[in-house]
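Treat the numbers as computed from the prediction; the structure is a model and nothing was measured.
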Amino acid sequence: MTARTAPASPNSSTSPNSANSANSETSSSTRPSSAKPFSTSSAEPADSPRITNALLDKLSRQGDPLADATVAAMFERGEVKDFNTLMRFFSTAGNRLPDGLPSSVESFLRTTALPPAWVDWDVMERARLFFMDNAPHINTGLSFAAMPATYAIPRVARLLSSTHSLDYPSRRMANTGQFVTYLMQTNAFEEGSKFIPAAQKVRLLHAAVRYHLSRSGRWDIEKDGLPLCQEDMVGGQMCFSILVLDAMHRLGIHMSEEGAEAYFYAWTVVGSILGCDMESAPKNLAEAREFCDLYLTRNLGPSDEGVQLTRQLVKMYEDVVPGTLFDPIVPATMRFLVGDTIGDWLQLPRSAWDTAAKAIPVFLGMLESIEDSSPLGEWALDKAGSLLTTFELASLTRGRVMQYAIPEELKSDYGVRSQQSRTQRWAPPASSLV
């Protein structure tokens, strides 16, 4: 894959560091405990960089062998429709698998039923508390920064546009919101939870997209790498972790370093469960910054698909906001978080609200100060945040449990607070780009 450098823009700001630099430019009730190969320290990476173009070139040619073999076997035997029907009845960890599952799928589900043995459950609990304390801000980062950033990667936008479900952006946002909510529940990895089954289905769905596109004749593997390759899988993990933290920092949200590291660690666990190559994935926030900088610099650019996906996303959130008076704040907030370069690529409209969006950190900073200084204020704002998150997810899901199904074909064309005081503020690792 040929590395590309994004055009310079002094006003771009997907994050204070990473995307800004790129712009400029199944389960068990017994939790296994074992050695932890992944560091939660944001210490500077070693002198000899591990994150290089050569590494990302290699990842661009790799898929997820276990899931890919499972999906290929299902398609070869004509078992996909039966699988989708049966899996609607399997949504809770610990439940007996449905009778009649294809043997390859049953083997996959049993093999992937447990979280990694190296998970540090104390860190995962800190991540859960961080999410409880910051759920509305995390959702804002996911929806208004991470998602638009993925749309500004042409091959990812083209891939997303190839699935029928992206005609309904609320479905993807509802699936994402539901997935994160399942992840951050106290029983996420225990019997009775819904996270592991959801993750297993997402992993197979990704493999199905790879299966279709790699055989469609419409995907240039030599130019763009394997569809939904490891580079994009790990890159997505970075978008949902460090880019969200960057967006929160830009919004003026008070975060402890401990909380930020725990949130990143949780997405490291998710990456492993979703089939990411953990030997190549970043092991701490400093390496995450390196990977994110390089990944975005190689791949960011304009595309018609990215513009269309962004329009759908903006329209979806304008429909969520009551009335029409405040509709322009949606694209204005996105532009504020992703910066003008990406904002222009995605054709986010400019308006007088762009100036208003820049005042959001001031307003949120006032609320954060109240929360930090008053137990009553903390309780009230946490309650309001919880209600806002519940309302947003309910608006997207319309009260339904979202189902993950393997597409039988693609479209015919592309078209509680942190345990450490937040006065010890986390700042994003410095950009690795010179």
Side-chain angles (χ1 to χ4, degrees), residues 11-15 19 23 134-152 157 160-161 165-178 180 239 243-244 246-248 250-253 302-367 381 384-400 402 415:
N11 297 322
S12 46
S13 53
T14 303
S15 75
N23 273 349
N134 295 284
H137 311 313
I138 290 172
N139 289 339
T140 298
L142 286 169
S143 304
F144 288 64
M147 206 65 73
T150 65
Y151 295 164
L160 292 172
S161 295
S165 63
L166 265 294
D167 283 337
Y168 310 96
S170 61
R171 183 179 301 173
R172 186 185 185 211
M173 293 307 304
N175 282 335
T176 301
Q178 182 177 266
V180 174
C239 288
L243 279 195
V244 169
D246 286 340
M248 292 171 64
R250 185 162 177 76
L251 289 169
I253 304 304
S303 70
D304 292 339
E305 293 87 357
V307 171
Q308 179 62 24
L309 289 169
T310 303
R311 285 175 180 164
Q312 292 174 337
L313 183 65
V314 170
K315 176 65 166 58
M316 182 194 73
Y317 272 100
E318 286 177 346
D319 291 343
V320 170
V321 175
T324 60
L325 177 63
F326 295 103
D327 282 358
I329 197 63
V330 174
T333 303
M334 288 184 185
R335 179 175 285 274
F336 173 68
L337 291 177
V338 303
D340 286 332
T341 298
I342 290 180
D344 290 342
W345 284 339
L346 299 178
Q347 297 183 17
L348 287 168
R350 294 177 181 265
S351 71
W353 285 86
D354 292 350
T355 301
K358 295 175 182 178
I360 292 176
V362 177
F363 173 71
L364 291 179
M366 293 171 56
L367 296 181
L381 290 173
S386 176
L387 292 173
L388 177 62
T389 301
T390 302
F391 169 76
E392 180 182 5
L393 186 58
S395 298
L396 295 175
T397 64
R398 299 178 182 178
R400 298 169 297 171
M402 305 306 295

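How far NE2 of His137 is from CG of Leu251: 8.5 Å, rounded to the nearest 0.5 Å. Residue Met147 holds its CE atom at 6.5 Å from CG of Leu142, rounded to the nearest 0.5 Å. The line from CG of Leu337 to OG of Ser143 is 10.5 Å long, rounded to the nearest 0.5 Å.
Heavy atoms only, all atoms of each residue included: Ala145 and Ala247 are closest at CB-CB, 3.8 Å. Contact between Trp353 and Pro328 at its shortest, heavy atoms only, is CD1-CB, 3.2 Å. Shortest non-hydrogen contact noted between Gly306 and Ala157 is N-CB, 3.6 Å. For the residue pair Val338 and Gly343, the shortest heavy atom distance occurs at CG2-N, 3.9 Å. Here the closest heavy-atom approach between residue Gly141 and residue Val244 is recorded as C-CG2, 4.0 Å.
Looking at residues two or more places apart in sequence or on another chain, you find a side chain to side chain contact (heavy atoms under 4.5 Å, CB included) between Val314 and Thr310, Glu318, Val330, Pro331, Met334, Leu348. Shown here are the salt bridge (charged side-chain N to carboxylate O under 4.0 Å, His left out) partners of Asp344, two or more places apart in sequence or in another chain: Arg335, Arg350.
In this structure a side-chain-to-backbone donor-acceptor pair under 3.5 Å is missing from Arg311 to Leu346.
Two residues are said to be in side-chain contact when any heavy atoms from C-beta on lie closer than 4.5 Å; Glu305 and Leu160 fail this criterion. With contacts defined as side-chain heavy-atom distances shorter than 4.5 Å, the pair Phe144/Tyr317 qualifies.
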>> Evaluate Gln308 against Tyr151 for side chain to side chain contact (heavy atoms under 4.5 Å, CB included), listing each step before the verdict.
In response: CA-CA 9 Å; Gln308 179 62 24; Tyr151 295 164; over 6 Å; no

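Sequence neighbours left out, not one pair with a member in residues 135-150 passes salt bridge (charged side-chain N to carboxylate O under 4.0 Å, His left out).
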